[in-house]
Protein chains: 2
Amino acid sequence: MGSARLGPNLTRIAASLGISVATVSNALSGKGRVSVELAERIRATAAALGYVPSQAGRALRTGRSGVLGLVLPDISNPLFPQIAQAIEHSAAVAGYGVLIADSRGDIGMQSEAIQRLVERGVDGMVIVPRRGTRIADAGCPVAVIDTPSTPGNTVSADHWQGGREIARHLRNLGHRKILLIGASSASSVQNDRIGGFKSALDATTIKTEVLWIEKLEERDGPGCLLGLADKVQQGFTAFAAVSDLHALRALTELQRAGIAVPDSVSVTGFDDLIWSPVVTPALTTIRMDITAIAEIAITALVSAINNGKPIKTMRPGDASADEPLPGNRLVIAEKSRVPMQLVVRQSSGPLRLAKTKLSAENS
Amino acid sequence: MGSARLGPNLTRIAASLGISVATVSNALSGKGRVSVELAERIRATAAALGYVPSQAGRALRTGRSGVLGLVLPDISNPLFPQIAQAIEHSAAVAGYGVLIADSRGDIGMQSEAIQRLVERGVDGMVIVPRRGTRIADAGCPVAVIDTPSTPGNTVSADHWQGGREIARHLRNLGHRKILLIGASSASSVQNDRIGGFKSALDATTIKTEVLWIEKLEERDGPGCLLGLADKVQQGFTAFAAVSDLHALRALTELQRAGIAVPDSVSVTGFDDLIWSPVVTPALTTIRMDITAIAEIAITALVSAINNGKPIKTMRPGDASADEPLPGNRLVIAEKSRVPMQLVVRQSSGPLRLAKTKLSAENS
DNA sequence: TAGGCCTGATTAAACGATTAATCATTTCAC
DNA sequence: GTGAAATGATTAATCGTTTAATCAGGCCTA
């Protein structure tokens, strides 16, 4: 109460200069017609009084809150910091604030989180959906970051291409029997990465196999061993994880078993998470350009909010969408897939002869 | 424009029932005097029309935005997901939304980020300050999460006690020469952890030494080796890192050098980060009860926002703070230090004889 | 039966910014 | 010299909600 009373508003500035509020508003927003010298005086006193425009007043009048929502499948995901940071930065540049909403991995809570954001009056939202979830009506423009192969996706890294890159890298190092490590076959991102990986290799000369951790843990409990030493015995010489988290798991398990990386076998990851450069050996991985992704998503979203003519608006099951829809709309950006970049570090190396490896391993 | 016009508001509900807006408002908020049956009818039609109260209108009238700010030193910190998740959850329970602001590790940007939040009209903010930063005037209640030893701290984990716990654990395992691994001596959190660690040990019987990674990297470049194999030669049998990130770095470096963990040496971390349970061997670490911390911080903050009588308000350099200050105020909670919990996993084990270790190591 | 009290509802005034409409001047063209 | 246009400012309505003040009856009491 008191604090609000104390803050200078347009009325106070107008009063202190003996002019009308409208003129002050026009001067500060640069929209109406105000003489240059008066505008200058207004800006000066506004600054002197420490004027801060009331978002509430503005929002009420304009119907815009100036806030975007960020919905994540699970904040505790290690990739989240980067996403949040990039989105926050792009949004701030575009003049928007970012409200976070966590669905804690639960599909039901995702709708709930979206609902909370809508109630707070966000102008639009960026959603990183949980495993192939369809986005329900949100009542505001929505940008989805998932996978290019997912319908409704706005923008994302080109996971397929990333998979191809890492596959070529390992093939060029001479590896011919490669184990892919993923968490869940239900993840479209992981499937894309694996699909791209396989697509780059000639199946007749290079043997691949997929290990799903989730399935393994159902049997052996969370945090169980992946049995990679056995795989090495079977002749696998490279382990390509679909995330740095799994790569790390593989790396430490192999090291613990006395198998040298990259001397005996190679290990690669995905995402270039924070620990990847500092572990020994530093992880070879694939980095996504999150800054670019965030920028594209925010740009598309803001464009859609501003009555997006340049942006196509669509609604599932509604082909004719010429006029901007008042309610829900999924935003599609021009450039929807951002290439991933291979980061070669020390955990991957050329294929060595099996005999050398085995002798070292059994000593 | 169109979208706002379509959303049902109090006026529409009132009109559809042929009553006044005030009655509708009273019925929905349960504040004024409304007959039970009419209130019921109002709630019913509100639900039927899909009424969502306008935060903007409410904020303008009440002077409360219902939004809290979360300021972090660096969103890319691996601990951030947990903090954000916990804060978001506690805030949501208290009926608040959370706006994020990242200072990207830069001290100057911290003030800037705070300013942005103020401009968005947050009712209060939670700040995790960067390395011993003093919080400048924010113009709204502020809860600080740092270290109990920092002046102005509202609530935090008891890092000192956490250090003691891990020290006792290693001592009880028989270790007598322990290397502490930290990043920077400027961090008050890390200093507390190290201080607590040392305080639990008798310096005459147990030898400790501190390795500051930042100093090392200044010379050898980022991601350099820590030279732990040498330390092992010097007789160190346990490596207590001040963060799981550094513990991971130590673990992999030792493994790569052919030193078995925990058979030859022990490694411990701090914070129980996401990878800690899944690496091999799983990391022994100390977990902070972030849920409790977030809850306490939010409770104190909300209490201060609501004209906190039960909460002491203070201003640096102003001892007499009986009446609630309109502007800046640092919030202090009753219970300001939350104990940390030791999580024993496989990376720490009893001391083995040096000879066994060396022979294994040189094979 | 008149005055007072309780109940259940209405009236109307904010909150702060935006903006279309309007009004007074001055300038300019014909 | 008169009507039109441009300039620079003001007036007033509006966004949706909250809330103090008011009002109309019904009921009880003296």
Side-chain angles (χ1 to χ4, degrees), chain A residues 1-43 46 49-66 95 118-121 123 306 326, chain B residues 1-43 46 49-67 95 118-121 123 306:
Chain A
M1 6 171 66
S3 61
R5 186 65 39 101
L6 294 178
N9 50 17
L10 289 189
T11 313
R12 206 170 311 274
I13 296 177
S16 91
L17 285 171
I19 57 179
S20 77
V21 285
T23 305
V24 179
S25 174
N26 282 332
L28 295 178
S29 66
K31 282 193 176 170
R33 290 180 302 204
V34 186
S35 65
V36 258
E37 61 268 31
L38 179 54
E40 186 46 51
R41 277 207 299 150
I42 290 175
R43 271 191 296 272
L49 291 173
Y51 169 69
V52 177
S54 153
Q55 285 292 328
R58 179 175 292 169
L60 180 55
R61 177 63 227 245
T62 63
R64 297 275 174 78
S65 63
V118 170
E119 283 177 10
R120 298 225 164 273
D123 293 337
N306 297 328
Chain B
M1 3 169 74
S3 61
R5 186 62 43 100
L6 294 178
N9 49 17
L10 289 188
T11 312
R12 208 170 308 275
I13 296 177
S16 91
L17 284 171
I19 57 179
S20 77
V21 284
T23 306
V24 179
S25 174
N26 282 332
L28 294 178
S29 66
K31 282 192 175 168
R33 291 180 301 206
V34 185
S35 65
V36 259
E37 60 268 33
L38 180 54
E40 186 44 51
R41 276 207 299 149
I42 291 175
R43 272 192 296 273
L49 290 172
Y51 169 69
V52 178
S54 153
Q55 285 293 329
R58 177 175 294 168
L60 180 56
R61 176 63 226 243
T62 64
R64 298 274 174 78
S65 62
V67 173
V118 170
E119 283 177 10
R120 297 224 166 274
D123 293 336
N306 297 327

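Since we're looking at a predicted model, the values are computed, not measured.
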Minimum side-chain heavy-atom gap [X]-[Y] below 4.5 Å:
| X | Y | answer |
| --- | --- | --- |
| A:Ile19 | A:Ile42 | yes |
| B:Val36 | B:Arg41 | no |
| B:Leu28 | B:Leu10 | yes |
| A:Pro53 | A:Arg58 | yes |

Please pick, from [options], the nucleotide with the shortest atom-to-atom distance to any side-chain atom of [X].
| X | options | value |
| --- | --- | --- |
| A:Arg33 | D:dT19, D:dG8, C:dG8 | D:dG8 |
| A:Asn9 | C:dT18, C:dG16, D:dG16 | C:dG16 |
| A:Asn26 | C:dT10, C:dT19, C:dT18 | C:dT19 |

In whole Å, I'd like the distance from the [atom1] atom of [X] to the [atom2] atom of [N].
| X | N | atom1 | atom2 | value |
| --- | --- | --- | --- | --- |
| B:Leu10 | D:dT18 | CG | P | 6 Å |
| A:Tyr51 | C:dG16 | OH | P | 10 Å |
| A:Leu38 | D:dT7 | CG | C1' | 13 Å |
| B:Leu60 | D:dT18 | CG | P | 11 Å |
| A:Arg64 | C:dA17 | CZ | C1' | 15 Å |
| A:Ile42 | D:dG8 | CD1 | C1' | 11 Å |
| A:Arg58 | D:dT17 | CZ | C1' | 20 Å |
| B:Leu28 | D:dT18 | CG | C1' | 12 Å |

Counting only side-chain N and O atoms of A:Lys31, is one of them less than 4.0 Å from OP1 or OP2 of C:dT19? yes
Taking only N and O in the side chain of A:Ser35, is any of them less than 4.0 Å away from OP1 or OP2 of D:dT7? no
Among residues 15-22 of chain A, which ones have heavy-atom contacts with DNA chain D below 4.0 Å? A:Ile19, A:Ser20, A:Ala22
Whether [X] side chain and [Y] backbone form a donor-acceptor pair below 3.5 Å:
| X | Y | result |
| --- | --- | --- |
| B:Asn26 | B:Lys31 | no |
| B:Ser25 | B:Val21 | no |
| B:Ser65 | B:Gly121 | yes |

Position toward the 5' end of DNA chain D (nearest nucleotide), B:Thr23 or B:Gly57: B:Gly57
Would you state whether a donor and an acceptor, one from the side chain of A:Arg61 and one from the base of D:dT14, lie under 3.5 Å apart? yes
Give one of base, sugar-phosphate or nothing for B:Ser25, where a contact means two heavy atoms less than 4.0 Å apart. base
